[in-house]
2 protein chains.
Amino acid sequence: MDPDGTLAFASHDHAACRDGALAHAEAVAEAKGLRLTPVRRRALEILLESHQALGAYDVLDRLAEEGFGRQPPVAYRALEFLVEHGFAHRIRRLNAFAACMHPGEAHVPVFLICSACNGLAEAPGAAVAASLRQAAGPLGFRVERMSIEAVGLCPACQGGSE
Amino acid sequence: MDPDGTLAFASHDHAACRDGALAHAEAVAEAKGLRLTPVRRRALEILLESHQALGAYDVLDRLAEEGFGRQPPVAYRALEFLVEHGFAHRIRRLNAFAACMHPGEAHVPVFLICSACNGLAEAPGAAVAASLRQAAGPLGFRVERMSIEAVGLCPACQGGSE
DNA sequence: TCTTGACTAGTTATCTTATAACATATTCCT
DNA sequence: AGGAATATGTTATAAGATAACTAGTCAAGA
Ligand SMILES: [Zn+2]
Ligand SMILES: [Zn+2]
Ligand SMILES: [Zn+2]
Ligand SMILES: [Zn+2]
């Protein structure tokens with residue numbers, strides 16, 4: 001769907017991009033017997049609207065506007081479900097959440113965060129993960145989860161004035 | 001001082017470890033003309049007491065007990081100074097801060113966080129950083145800062161019961 | 001059918017983390 | 001000494017996250 005992560009920073013047919021990711025997620029949920037309930041589904045759709053990370057309260061506002069509950073746990077629970085099952089990722093550096101571009105596929109994402117436009121891309125991180133494990137090995141540390149995030153400038157924002 | 005990051009998870013003379021790091025930081029501050037004032041110095045000492053990350057409010061409590069201000073900005077400002085000048089690191093995953101084990105040396109730290117004992121080690125991340133840049137390259141993304149953190153089990157916590 | 005248990009979604013209340021804005025004091029340089 | 005820059009302190013508030021409880025849904029089994 002976006003195997004190399006190049007989509008987010010390139011101009012593309014985002015309606016198709018969004019719909020594809022959603023359909024993909026639905027198929028995965030179906031296959032795994034997970035209940036993609038209305039709030040959860042809507043939360044995912046909201047995250048899929050842009051290639052940016054959204055704070056839990058941003059998502060909550062949107063959900064509340066649409067008739068779902070207006071209290072923080074509503075958003076946090078939906079997001080927790082999405083993250084737990086691989087439909088979304090949590091971006092620690094931003095205290096925010098973003099839809100996963102590869103739901104259902106095992107992958108270690110590398111997040112590239114543009115400090116100018118807030119764009120977020122999910123690059124393939126297998127090699128980075130391997131080298132992280134190599135770094136941890138000599139210390140006898142057993143890696144279970146990792147977060148790999150970079151802040152910088154996306155191609156579009158590297159232009160003139162910075 | 002701990003070039004390979006093995007110290008944190010191994011039993012060692014921590015008094016010497018702490019004093020060495022502090023002395024090193026002082027030398028760096030001196031050389032760079034930075035003012036390691038009493039609050040800042042004390043905040044660093046507090047971080048150096050253990051190989052764990054501390055929340056800003058934990059540091060604040062300690063500072064307040066010792067006669068410094070009791071309001072959040074007191075801790076946040078001291079910590080911001082330490083991070084900005086490379087005497088400490090911010091651990092995003094934990095919303096916490098830890099003393100840097102290599103102040104004054106350019107380095108990309110890889111943080112290894114033990115989920116059982118909260119121990120924190122700072123492994124050398126040059127290779128990981130390089131592979132991250134390689135992952136970002138094809139997207140045309142210019143990396144400026146990165147955070148690389150892993151959660152797992154340190155050698156001591158891999159024992160029997162988990 | 002009715003009950004029980006698992007799960008979902010809603011609420012109130014509270015906690016933790018972080019920053020804005022302003023006042024005072026200190027330090028550094030001329 | 002005077003003035004600029006830096007540092008420390010305050011109050012108040014914003015932003016992010018969770019605990020604890022209540023109630024609705026739904027399917028399996030008595
Ligand atoms: Zn898109
Ligand atoms: Zn993903
Ligand atoms: Zn030590
Ligand atoms: Zn360091």
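Chain letters run A, B, ... following the sequence lines, proteins first, then strands; residues in each count from 1.
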Novice: I need the CZ-P distance between A:F81 and C:dA9, as an integer number of Å.
Specialist: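 Going from A:F81 (CZ) to C:dA9 (P), I get 9 Å.
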Novice: If only side-chain N and O atoms count, and only distance matters, is there a donor-acceptor pair under 3.5 Å linking B:S147 with A:R93?
Specialist: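 Yes, B:S147 and A:R93 have a side-chain donor paired with an acceptor closer than 3.5 Å.
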Novice: Could you tell me how far apart B:E80 (CD) and D:dT6 (C1') are, to the nearest whole angstrom?
Specialist: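 About 13 Å, once rounded to whole Å.
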Novice: Quick one, A:E80 with A:R77, criterion salt bridge (Lys or Arg N to Asp or Glu O under 4.0 Å). Give me CA distance, side-chain angles, the key distance, then yes/no.
Specialist: CA-CA 5 Å; A:E80 179 185 40; A:R77 281 197 289 235; over 6 Å; no
Novice: Atom CZ of B:R35 and atom P of C:dA25: how far apart are they, to the nearest Å?
Specialist: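 Checked: the CZ to P distance equals 16 Å.
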Novice: B:L36 has an atom CG; how far is it from atom P of D:dT6, in whole Å?
Specialist: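 Between P of D:dT6 and CG of B:L36: 17 Å.
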Novice: Side-chain heavy atoms under 4.5 angstrom apart, residues restricted to Ile, Leu, Val, Met, Phe, Trp, Tyr: same cluster for A:I46 and A:L94?
Specialist: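 In one cluster with A:I46: A:L94, no.
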Novice: Ion pair present between A:E49 and A:R62, side-chain N to carboxylate O less than 4.0 angstrom?
Specialist: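 Counted as a salt bridge, because a side-chain N and a carboxylate O are separated by less than 4.0 Å.
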Novice: Could you check how far CG of B:L34 sits from C1' of C:dT27, rounded to whole Å?
Specialist: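 The answer, rounded to whole Å, is 15 Å.
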Novice: Within the pair B:R40 and D:dA7, is there a side-chain N or O less than 4.0 Å away from OP1 or OP2?
Specialist: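 Yes, within the criterion.
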Novice: Would you mind reading off the distance between A:L63 atom CG and C:dG10 atom C1', rounded to a whole angstrom?
Specialist: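 Spelled out: CG on A:L63 to C1' on C:dG10 is 13 Å.
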Novice: Any N/O pairs under 3.5 Å between the protein and nucleotides 14-24 of chain C? List them or say none.
Specialist:
| from | atom 1 | to | atom 2 | distance (Å) |
| --- | --- | --- | --- | --- |
| C:dA18 | OP1 | B:R90 | NH2 | 2.9 |
| C:dA18 | OP2 | B:Y76 | OH | 2.9 |
| C:dA18 | O5' | B:Y76 | OH | 3.3 |
| C:dA18 | N7 | B:Y57 | OH | 2.5 |
| C:dA18 | N6 | B:Y57 | OH | 3.2 |

Novice: Start with the C-alpha gap between B:V110 and B:L112, add the side-chain angles, then the distance that decides, and say whether side chain to side chain contact (heavy atoms under 4.5 Å, CB included) holds.
Specialist: CA-CA 6 Å; B:V110 168; B:L112 304 178; 4.0 Å; yes
Novice: Are side-chain heavy atoms of A:F87 and A:L34 found at a separation under 4.5 Å?
Specialist: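 Of all side-chain heavy-atom pairs linking A:L34 with A:F87, at least one is under 4.5 Å.
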Novice: D:dA7 C1' sits how many Å from B:F68 CZ, rounded?
Specialist: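 That distance rounds to 13 Å.
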